Each structure stands twice: as structure tokens, then as C-alpha cells.
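I have placed the structure first, in the form of C-alpha cells, so that the comments after it can refer back to it.
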Amino acid sequence: MATNKTPQTMKPETAAKKLGVYLPATPEEFRSNPVTREQLNELLATPPEWLVELRKNGPHPRTEVARKLGVSVSGLARAEMNDAALTTAEITALLEAPPAWLVTERATQAEVRAENTRINERKAGQRILDEEKARKQK
């Protein structure tokens, strides 16, 4: 007996997140209907013009804005840019003439990355020492 499998679907919010686009900027048809895995894979493989345009020019979701500005999402929140759905042109303008908050948040992000690198290098060194110690004990 064959069973009819229903396709796995996701909310438009989830699909937009997976596509890296700002949901309110997507077409109404996309926002109002669940998206199947097959449809998502098709959008990823051969993106329609609206998706190409959104990815290129925005408006971009907050996570993408933070990435393009080189800050954290928390940094955007500290700068009171919680509803930051900026276009590529707006992001470029901010990078060309960075306000004080952006300079501060980029410096903070650089410090965090440097600290994470230092910690990872220390952990890697400790793993090597532990492995050598284990080999000597055998």
C-alpha cells in the first residue's frame, strides 16, 4: 500500500531567513503561503528576479545589515537600530561616513574576534600538549 506523503512546509518567516532576505520586502505570494522544501530548494538553485534583486539591493534583514557593517546584531540594538532593514545604498553610505556608534561597534567587534582567536589558539595548543602527554604515557 502506498502512503501519500505530505510535503514538509515552513512558515514564510523561516523561508525568508533561510534565503537571507527581509520578509516584508518579499512578494505577497511568498509572504502569505507556506513554503515547501522543494520550493525552497528551487528558490536557492534558480532564484527569481525578485530574490536576486532583494539579495543585491535590499532592504536586508537585521542579521545581514550587521554582517555588512561589521558589527553584531547586539551592536545594532545598542545603536537603537532595532528595525534596521537597510538597503545596500544605505549600508554603503554608513560605511563611507561612519557615525560614532558604528566606529565604536566595529572596534568592539574587532576586539571580540581577536579574543576569540586568542582563545581558540590557546585551546588548540592545549589539545596538542594533551595529545603529546597521552602518547608519552602509552
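Every value quoted in this text rests on a predicted model; they were computed, and no experiment measured them.
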Can you establish whether the number of heavy atoms outside Glu29 located under 6.0 Å from its atom CD is more than 12?
no
CG (Asn120) and CZ (Arg127) are apart, to the nearest 0.5 Å, by 8.0 Å
So which atom in Leu54 and which in His60 form the shortest heavy-atom distance, rounded to 0.1 Å?
O-CE1, 3.6 Å
When you look at Leu51 and Phe30, which way does the side chain to side chain contact (heavy atoms under 4.5 Å, CB included) test go after all the steps?
CA-CA 11 Å; Leu51 182 54; Phe30 181 85; over 6 Å; no
Rounding to 0.5 Å, atoms CG (Asn33) and OG1 (Thr9) come to a distance of 10.5 Å
Hey, quick one: are Val71 and Leu94 part of the same hydrophobic cluster, counting side-chain heavy atoms closer than 4.5 Å, chains of contacts allowed?
yes
With rounding to the nearest 0.5 angstrom, report the CG to CD distance, Leu44 to Gln39.
12.0 Å
Considering only residues two or more places apart or on different chains, which pairs with a residue in residues 7-28 satisfy salt bridge (Lys or Arg N to Asp or Glu O under 4.0 Å)?
Glu28-Arg31
Under a 4.5 Å side-chain heavy-atom rule over Ile, Leu, Val, Met, Phe, Trp and Tyr, are Ile91 and Trp101 clustered together?
yes
Would you check if there is a donor-acceptor pair between the side chains of Glu96 and Thr92 at a distance under 3.5 Å?
no
Under 4.5 Å between side-chain heavy atoms, hopping through other hydrophobics if needed: is there a path connecting Val65 to Val73?
no
Test item: Thr14 side-chain N/O and Met10 main-chain N/O as donor-acceptor pair under 3.5 Å
no
Quick one, Asp130 with Gln126, criterion side-chain hydrogen bond (donor to acceptor under 3.5 Å, both in side chains). Give me CA distance, side-chain angles, the key distance, then yes/no.
CA-CA 6 Å; Asp130 291 345; Gln126 188 61 48; 3.0 Å; yes
Could you walk me through whether Glu105 and Ser74 pass the side chain to side chain contact (heavy atoms under 4.5 Å, CB included) test, one step at a time?
CA-CA 9 Å; Glu105 289 302 330; Ser74 298; over 6 Å; no
Just how far is it from atom OG1 of Thr108 to atom CZ of Arg106, taken to the nearest 0.5 Å?
12.0 Å
For Arg67, the salt bridge (Lys or Arg N to Asp or Glu O under 4.0 Å) test, sequence neighbours excluded, returns Glu64
With rounding to the nearest 0.5 angstrom, report the CD to CG distance, Glu38 to Leu43.
11.0 Å
Thr88 side chain to Lys56 backbone, donor-acceptor under 3.5 Å:
yes
Has Glu90 got a side-chain atom pairing as donor or acceptor with Thr87's backbone, closer than 3.5 angstrom?
yes
Run the numbers on Thr36 and Asn41 for side chain to side chain contact (heavy atoms under 4.5 Å, CB included), then give the verdict.
CA-CA 9 Å; Thr36 66; Asn41 290 338; over 6 Å; no
Does a sphere of radius 6.0 Å around CD in Glu80 hold more than 12 heavy atoms from other residues, nucleotides or ligands, not counting ones at 6.0 Å or beyond?
no
Smallest separation among heavy atoms of Pro12 and Pro34, with atom names
CD-CA, 4.5 Å
Correct closest heavy-atom pair for Pro59 and Tyr22 would be O-CB, 3.3 Å
Any chain of hydrophobic side-chain contacts (each under 4.5 Å) joining Trp50 to Val35?
yes
Salt-bridge test for Glu121 and Arg118: reply yes if a basic N is under 4.0 Å from a carboxylate O, no otherwise.
no
